[in-house]
There are 2 protein chains.
Amino acid sequence: MDDKLELAPRQLADPRAARRAMRSGAWTLPTAALAPGFVQANLVMLPAEWAFDFLLFCQRNPKPCPLLIASEPGSTALPGWADDLDLRTDLSGYRVFEDGRCVAEPSSIAEFWRDDLVTFALGCSFSFEQALRTADLEVRHQALGRNVPMYRTSIDCASAGRFGGRMVVSMRPFLPADAIAAVQVTTRFPAVHGAPVHLGYPEQIGIHDLAHADFGDDPVIHDGELPVFWACGVTPQVVLEEARPPFCITHRPGHMLVTDRSNASLAA
Amino acid sequence: MDDKLELAPRQLADPRAARRAMRSGAWTLPTAALAPGFVQANLVMLPAEWAFDFLLFCQRNPKPCPLLIASEPGSTALPGWADDLDLRTDLSGYRVFEDGRCVAEPSSIAEFWRDDLVTFALGCSFSFEQALRTADLEVRHQALGRNVPMYRTSIDCASAGRFGGRMVVSMRPFLPADAIAAVQVTTRFPAVHGAPVHLGYPEQIGIHDLAHADFGDDPVIHDGELPVFWACGVTPQVVLEEARPPFCITHRPGHMLVTDRSNASLAA
């Protein structure tokens, strides 16, 4: 962890400096603490031959797959989103999949790069969670230093070509009046999952054991709180695993793409 | 009912013509069917000596008391809201109160008029219910031809001078995803009660018998639906009854002020 300690606070706060620290290998940890206030994104890279289907899947399922930007095939940049970006090196962790199986978790994908890869950057809940906190709404799992609880649901996504499957949701508990405020706040952020898809009655969306999350940590729900469910960025990961493209690269969970755009700039 | 039948449809649809029909006595019924798409308002008239306290109460409690416009003392007009208005004759029913007791329910208040009366027009749920229907959300009590169920709650209003009391809410049941959409739609209409104040768990706001409404008709709630609660315009009526001003005039329930502004124009 010496690498981390050698970084000056300014390098953690500025998104371009944060990316350079990841490029050089000086930062190898998850990105939650980096560049606070700036959009962080889920990353999916697919061969061009699979890219149209995935783009269409995102277009048809904007709540679980809120596409911020997609690249030209073979491009390592995302113009307008991250200055001086090299998509092959500027994340602190990647996952490389072959036929749906994870074959490597490198911190650079230079050796795996292909000129037919299309990169998709998808909005992530970090952005709307900042908006919730700014509105004085406690985000429970953050307050407790835990991961957000996530669940498989019975909600069908709209299929597109070889991609299809069911929605994964994240859950944050709120008292009723705060749940209403959370709907209002996140409605303003359609680019990062937007409004909840469900609240109360988890069994209506196929969640039969709320106390045990399918991904992340189990929830902590207080008396009188309602579970509020947002479409989750794990959905495209599950869909990708099921579609089993011959080749695919994603970010490593928690190791997001750090962009230059402010979370606040995404407000609709 | 002959009077009603003699009115041409155009007279029912145009707000100014509808007011003239009420002024002439040709329309004496409730106003729900008149001038669809135009804002209808709750009316409160108080002596100037009580007007500041009530104005302050509205300012401090915008959800139950969304003030659209208040008049100068003695004025029978509401400039910008209703062309050629005479507040003494242009509603189809009034209630006259002395010391908090209803002493008359006339269709004109010409004989009760005082030059020190200040008129308050408060937004009404008719407007946001139109927005809900436009968003393909069924408003249950309307679909069933019933009155909306309303309940006294334990939610304290912010007091102002001689006015204070607890909030009355109206309830509309929705499936969870529709409840989220209903929050989104009504958030855009802060001038007519705005977003709900509560959903689920009625006991948290002091409603211990949801099946029996305190005002209006009892609810019809289907399995899997959440009760969603909005601040209600009955609140100022209850507050007025408790404050017992020596003199006061209101609209008769259901006999609203019909204005020239479209509901859609209230969207924030």
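Hydrogens, waters and symmetry mates are skipped; everything else that's a heavy atom, side chains included, is used.
Listed by sequence position, B/G224, B/E225, B/L226 are the residues of residues 222-237 of chain B in contact with chain A, using a 4.5 angstrom heavy-atom cutoff.
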Task: B/L199 vs A/L199, side chain to side chain contact (heavy atoms under 4.5 Å, CB included): CA-CA, chis, key distance, verdict - done: CA-CA 10 Å; B/L199 82 177; A/L199 81 178; 3.7 Å; yes

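Annotation for B/R162: atom CZ counts as buried by contact number, over 12 foreign heavy atoms lying within 6.0 Å.
For the pair B/I180 and A/H198, the tightest heavy-atom approach, listed with the atom from each and the gap, is CD1-N, 3.3 Å.
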